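The next block holds one structure in the form of structure tokens; read it before the comments.
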Amino acid sequence: MRYVASRPFGRGRAIRLSLGLSAGWFAALAGGVHQARAQYVGQVSSIVMDARTGAVLSQSNPDLQRYPASLTKLMTLYLAFKGLRSGQVSLDQPVPVSAHAASMEPSKLGLVPGSYLTVEQAVLGLVTKSANDAACALGELLGGGDEDRFADVMTRQARALGMTSTTFRNASGLPNGEQVTSARDLAILTRQIIAEFPEYYHYFAVPAFYFHGRQVPNHDPMLRFYPGADGLKTGYTADAGRNLVTSAIRENVRLIGVVLGARTNPQRSAMMAGLLDDGFRQEGVADVPRTLVLARGRSRHGRAAIMLAAAARSANAGPDQVAELPLSPHHHVLSRRGHGHVPAHVRMVAAGHAVHRRHGHNHG
């Protein structure tokens, strides 16, 4: 099903700023942040955690400091959810787009300086397209107009959650040598998002939303092809490699998986699927036949294609069988089942049905 943000707002409405911090607090924070060096592509870090108990089911280099890339947006979203919970911001509140936010490198929504989008549209832009311009704009709103101030808030929140290897320098995850994290820290953050904000967690499962009349699909292949997956986030930069955080639930057992530094999208997806499969087996959950997307590319006939691997995983399973599936819009918009409460002002439309944006409700 599709999400369409549909509540109007006016540009003249007062913008509520949140999460303000004192100058003294910033000074204390600046003195406590260490400068770290991240590990690079070629050495994968991973962890699988039971979301309920926090028990670690498997791990490999879980504490090496890595560049988070767009997994940074998980903390941006955590703080947005925190602001929504406290009433400091609202879903339909306008988010001003500064020249700085609009200048962010792709992936982006293409926001124009001086325009606005809603908090909800920004959230959707982060979880689907991993939009850097929307992340920066949202960070500026939450940081009192300053992304650097918001990054300090992010780092302090990370410390409060026990993310001892994490430092943030921006809201998006665009390259910064001082912005680092670890697989363990990202699992801690993900577990906190799931436990603390069940009313907002469903956003991570949105397969697509409409923005300015165009469909924005979700980048996360696990949502479409891993049974039980209902979030969270992909990430990539040249130095970070291919990163992925996934949560999946089967038979009331929820697992969290983190893979950092994979060389390719197929490797990243296959590793995550295998790690989660093994984790569910450790928890006594039976294997589920699955079809896993491994990559998008061009077919030998030159057409866009999704590379699929059909697999009934078991301890003795052989290699996945890989096939090509033509890419069509229907592969981006799938039915959504069992992902929690949906706000009344968010309209969902079943897959395969036309969706039209209500005129006048999107700005910038």
Side-chain angles (χ1 to χ4, degrees), residues 43-64 66 71 74 182-195 198 201-202 204-205 220-235 241-295 306-323 334-340:
Q43 186 173 13
V44 173
S45 296
S46 67
I47 193 168
V48 175
M49 180 182 290
D50 184 305
R52 182 180 62 85
T53 66
V56 174
L57 304 178
S58 67
Q59 57 185 338
S60 177
N61 304 313
D63 298 310
L64 291 181
R66 317 295 300 253
L71 300 186
L74 292 176
S182 69
R184 190 184 308 277
D185 280 5
L186 289 169
I188 290 170
L189 174 58
T190 300
R191 185 181 179 221
Q192 195 66 30
I193 290 172
I194 292 168
Y201 178 73
H202 67 84
F204 291 104
D220 188 349
M222 304 301 286
L223 292 176
R224 297 184 291 275
F225 300 104
Y226 190 82
D230 57 5
L232 296 158
K233 193 79 190 62
T234 62
R242 312 284 173 164
N243 297 344
L244 180 61
V245 173
T246 298
S247 183
I249 186 168
R250 297 180 186 171
E251 298 182 15
N252 294 319
V253 173
R254 177 178 289 282
L255 300 184
I256 294 164
V258 180
V259 171
L260 304 180
R263 292 187 178 276
T264 66
N265 287 343
Q267 181 194 39
R268 179 180 69 182
S269 298
M271 287 186 66
M272 179 64 76
L275 289 168
L276 291 175
D277 283 347
D278 290 342
F280 280 119
R281 290 190 202 105
Q282 290 184 53
E283 300 277 57
V285 177
D287 288 342
V288 176
R290 58 178 167 82
T291 301
L292 173 66
V293 65
L294 294 183
I306 295 178
M307 306 299 291
L308 299 178
R313 302 291 295 176
S314 69
N316 299 316
D320 293 344
Q321 299 298 311
V322 178
L334 305 180
S335 296
R336 176 177 167 278
R337 299 185 299 271
H339 297 304

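Here the structure is a predicted model, which is why all the values come from computation and not from measurement.
Contact annotation: the side chain of T234 approaches that of P221 to within less than 4.5 Å [non-hydrogen atoms, C-beta and beyond]. Side-chain atoms of M271 and L244, non-hydrogen and from C-beta on, never get closer than 4.5 Å to each other. Counting only heavy atoms from C-beta outward, the side chains of Y226 and D277 approach each other to under 4.5 Å. Under the 4.5 Å side-chain criterion, counting only non-hydrogen atoms from C-beta, L186 is in contact with L260.
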**Asked** Which is it for R254 and D230 under the side chain to side chain contact (heavy atoms under 4.5 Å, CB included) test, yes or no, and what are the steps along the way?
**Response** CA-CA 10 Å; R254 177 178 289 282; D230 57 5; 2.8 Å; yes
**Message:** Determine whether I194 and S247 satisfy the following criterion, side chain to side chain contact (heavy atoms under 4.5 Å, CB included), listing intermediate values before the conclusion.
**Reply:** CA-CA 9 Å; I194 292 168; S247 183; 3.6 Å; yes
**Q267 vs R242, side chain to side chain donor-acceptor pair (under 3.5 Å): CA-CA, chis, key distance, verdict** = CA-CA 9 Å; Q267 181 194 39; R242 312 284 173 164; over 6 Å; no
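With rounding to the nearest 0.5 Å, the separation of CZ in F280 from CG in L275 is 12.0 Å. Here the OG-CG distance, from S58 to D278, works out to 7.0 Å after rounding to the nearest 0.5 Å. A distance of 4.0 Å separates CZ of R184 from CG of D63, quoted to the nearest 0.5 Å. In this structure, CD on Q43 lies 4.5 Å from CG on N61, to the nearest 0.5 angstrom. T190 OG1 to L232 CG: the interatomic distance, rounded to the nearest 0.5 Å, is 5.0 Å. We find the CG-CD distance between L255 and Q282 to be 9.0 Å, quoted to the nearest 0.5 Å.
With sequence neighbours excluded, the residues forming a side chain to side chain contact (heavy atoms under 4.5 Å, CB included) with R191 are M49, I256, listed by chain and number.
Residues G261 and V44 approach most closely at O-CG2, 3.8 Å, considering heavy atoms. Across every non-hydrogen atom of L57 and E283, the tightest pair is CD1-CG, 3.9 Å. Across every non-hydrogen atom of V285 and R250, the tightest pair is CG1-CB, 3.8 Å. Between I47 and P62, the closest heavy-atom pair is CD1-CB, 4.3 Å. Nearest heavy atoms, P289 versus P227: O-CG, 3.6 Å.
Only one option out of T246, D220, I193, L223 pairs with F204 in a side chain to side chain contact (heavy atoms under 4.5 Å, CB included); it is I193.
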